[in-house]
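The next block holds one structure in the form of C-alpha cells; read it before the comments.
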Number of protein chains: 2
Amino acid sequence: MSTKLTYSEFGELGNAMTQSGQSTTGQTLLFLTDEQLRKGTEAMFFAYRGFTADPDRILSERGYGRAHHRAVHFIHRSPGTTVNNLIAILGVTKQSLNRVLRTLVEDGLVLNTVGKKDKRERHLYLTETGTTLERALSDAQRDRMRAAYRAAGPSAVAGFRQVLEAMMDQEMRRHYDTLKDRIE
Amino acid sequence: MSTKLTYSEFGELGNAMTQSGQSTTGQTLLFLTDEQLRKGTEAMFFAYRGFTADPDRILSERGYGRAHHRAVHFIHRSPGTTVNNLIAILGVTKQSLNRVLRTLVEDGLVLNTVGKKDKRERHLYLTETGTTLERALSDAQRDRMRAAYRAAGPSAVAGFRQVLEAMMDQEMRRHYDTLKDRIE
DNA sequence: AGAATACGTCAGCTTTGTTGACATTCCAAG
DNA sequence: CTTGGAATGTCAACAAAGCTGACGTATTCT
C-alpha cells in the first residue's frame with residue numbers, strides 16, 4: 001500500500017522526470033514510477049529470451065542444453081578452472097554440474113586433468129571439439145549482442161553495462177570482475 | 001576462424017575504441033572486440049541471476065516457481081487477458097501454462113471468467129490475494145532495479161533500455177511495446 | 001453442416017535443478 | 001602416523017517446468 005504509485009497517479013509527468021538529474025549535488029536524483037520500473041523488468045525478461053535464443057537453437061541440434069553452454073563458456077573463459085570454482089560461478093550443486101560435465105567429457109568436449117599441486121582437484125579444459133562448439137555458440141550470441149550494441153550506440157552500451165553491474169549480487173560481481181580465477 | 005579477434009590480438013587498444021563513435025555520418029561506428037562482447041554476455045548472465053533472486057525467495061516460501069511469477073505479472077499488467085494471449089507472451093505451450101494457471105486458480109489468486117463476446121475465451125484477473133502476491137514480488141524486484149537505476153544514473157538507464165530493446169526478437173518487441181493487449 | 005478456434009486435460013518424456021547418503025582421495029594438523 | 005576435513009564423484013529419489021501428442025468440449029466462423 002505504501003508504494004502504490006501507479007503511473008496513472010503520476011500522469012505524464014513521470015516519464016519526463018526520469019531523465020532529470022540534479023548534478024549540482026553530485027548525487028543524481030531519480031524519480032522512478034512503478035510503471036517505468038515495470039518496463040525495465042519486462043525489458044530484462046524479453047531481452048534475456050532473445051539473448052539465449054540463438055545459442056539454444058544450436059545446442060538443441062546437438063542434444064545439449066543451456067547448462068552445457070554455461071559450463072563450456074566458463075571453462076573457455078578460464079581454462080584450468082576447478083570444479084568447485086565452476087560450481088561457485090554457476091551457482092549450482094556439484095551433482096547438477098557433474099551430470100553436465102560428465103556428458104561433455106564423454107563426448108570429448110572437455111578435458112579433466114588431476115591437479116598437480118592438489119591432486120583432489122580436477123582442472124577443466126576445452127578440447128578442440130569443445131572449442132569449436134564454444135565458438136559456434138558465442139559467435140551466435142555475440143552477433144546479436146553486437147547488433148544490439150550497434151543499434152543502441154556507444155553511450156547506451158556504457159549505460160547498459162553500468163545498470164547490469166549494479167544489478168548483480170556482490171558475490172557474483174567478484175566473479176564477473178576477475179578475468180581469470182586461475183590456478184597455480 | 002574468420003571472427004578470431006581475441007582481445008590479445010587487439011591489445012589495450014580495444015577498450016579505448018569502444019567508446020569512440022563517428023557522429024559525423026549519423027551512423028555510429030563501433031569497434032567491438034570479442035572480449036568486450038564476452039563481458040556483455042556475462043553481465044547479462046550475472047545480472048539476470050540477481051534480477052530473479054529476490055522474487056525467487058518469496059516464491060519458494062509459498063511453493064511457487066518462476067513460472068507463477070511470470071503468469072501473475074502479465075495478468076496484473078493486462079487484466080482480462082486471455083489464455084492464448086498469455087501463451088504468446090510467455091512463449092510456452094498451453095499445457096505448460098495450464099499447469100501453472102490451474103494451481104493459481106485453485107489457490108484463489110487468479111480468476112477465470114468466460115468471455116462475453118467470445119465464450120470460448122477465458123479472461124484472467126488477479127484476485128485480492130493475487131494482487132497481494134504480485135505486489136510483494138514486484139516490490140522486491142523493483143527495489144533492486146531501483147537501486148541499480150540510482151547507482152547508474154539517468155543516462156545509463158536510457159542506454160540500458162535501448163540495448164535491451166535492440167536485443168529482443170521483433171515478435172517479443174511487439175508484446176513489449178503494447179501497454180495493454182486488451183479485450184473488447 | 002462442417003471446419004477452425006480456444007481451452008482443458010491425460011499421459012509420457014526431457015532438462016536441470018534439488019537433498020541425502022556414501023566412497024575415495026588427499027592435505028594438513030596434531 | 002593417524003585422523004579430520006576438504007574436494008570430488010556417484011547413486012538414488014524427487015521436483016519444477018518445459019515439451020509433444022492425443023482427445024474432448026464448447027463455441028464461432030465460413
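The analysis underlying the following values was restricted to heavy atoms, covering all of them including side chains, and did not include hydrogens, waters or symmetry mates. Below, read A as the first sequence line, B as the second, and so on, with proteins coming before strands; counting in each chain starts at 1.
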Residues of residues 44-56 of chain A with a heavy atom under 4.0 Å from any atom of DNA chain D, listed by number, are none

Nearest heavy atoms of [X] and [Y], plus distance in Å:
X: B:Gly108; Y: B:Thr129; value: O-OG1, 3.4 Å
X: B:Leu59; Y: B:Leu137; value: CG-CD2, 3.7 Å
X: B:Ala53; Y: B:Arg144; value: CB-NH2, 4.1 Å
X: B:Val114; Y: B:Lys119; value: CG1-O, 3.4 Å

Are a donor atom and an acceptor atom from the side chains of [X] and [Y] found within less than 3.5 Å of each other?
X: B:Tyr125; Y: B:Asn112; answer: no
X: B:His76; Y: B:Thr131; answer: no
X: B:His123; Y: B:Thr81; answer: no

At under 4.0 Å between heavy atoms, what does B:Gly63 touch on the DNA or RNA strands: base, sugar-phosphate, or nothing?
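B:Gly63: no heavy atom of the nucleic acid under 4.0 Å.
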
- Item | Stepwise salt bridge (Lys or Arg N to Asp or Glu O under 4.0 Å) check, A:Arg38 with A:Glu35 | CA-CA 5 Å; A:Arg38 183 187 69 75; A:Glu35 176 60 15; 2.8 Å; yes

Please examine the side chains of A:Val72 and A:Leu104, heavy atoms only from C-beta on, and report whether any two atoms are closer than 4.5 Å. yes

Between [N] and [X], is there an OP1 or OP2 to side-chain N/O distance shorter than 4.0 Å?
X: B:Asn112; N: C:dC7; result: no
X: B:Thr93; N: D:dC19; result: yes
X: A:His68; N: C:dT16; result: yes

Could you state the atom-to-atom distance from [atom1] of [X] to [atom2] of [N] in whole Å?
X: B:Ile87; N: C:dT5; atom1: CD1; atom2: C1'; answer: 12 Å
X: B:Arg70; N: D:dA17; atom1: CZ; atom2: P; answer: 8 Å
X: B:Leu101; N: C:dA6; atom1: CG; atom2: C1'; answer: 13 Å
X: B:Leu124; N: C:dC7; atom1: CG; atom2: P; answer: 8 Å
X: A:Glu121; N: D:dG9; atom1: CD; atom2: C1'; answer: 15 Å
X: A:Arg62; N: C:dT14; atom1: CZ; atom2: C1'; answer: 20 Å
X: A:Arg66; N: D:dG18; atom1: CZ; atom2: P; answer: 11 Å
X: B:Asn85; N: C:dC7; atom1: CG; atom2: P; answer: 9 Å

Each nucleotide of nucleotides 24-30 of chain C classed B (base within 4.0 Å of a protein heavy atom), S (only sugar-phosphate) or -, in 5' to 3' order, makes -BBS---

Dump the intermediate steps for side chain to side chain contact (heavy atoms under 4.5 Å, CB included) on B:Gln36 and B:Thr33, then the final yes or no. CA-CA 5 Å; B:Gln36 290 159 357; B:Thr33 66; 3.2 Å; yes

For A:Asp169 and A:Arg174, what are the C-alpha separation, side-chain angles and deciding distance, and is it a salt bridge (Lys or Arg N to Asp or Glu O under 4.0 Å)? CA-CA 9 Å; A:Asp169 282 334; A:Arg174 284 207 328 271; over 6 Å; no

Exercise for review: Report the distance from atom CD of A:Glu134 to atom CZ of A:Phe74, rounding to the nearest 0.5 Å.
Suggested key: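 Going from the CD atom of A:Glu134 to the CZ atom of A:Phe74 covers 11.0 Å.
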
At a cut-off of 3.5 Å, list every protein nitrogen or oxygen paired with a nitrogen or oxygen from nucleotides 9-13 of chain C, distance to 0.1 Å.
residue, atom, partner, partner atom, Å
C:dT9, OP2, B:Asn98, OD1, 3.3

Regarding the side chain of B:Ser96, the nearest nucleotide among D:dA17, D:dG9, C:dC7 is D:dA17

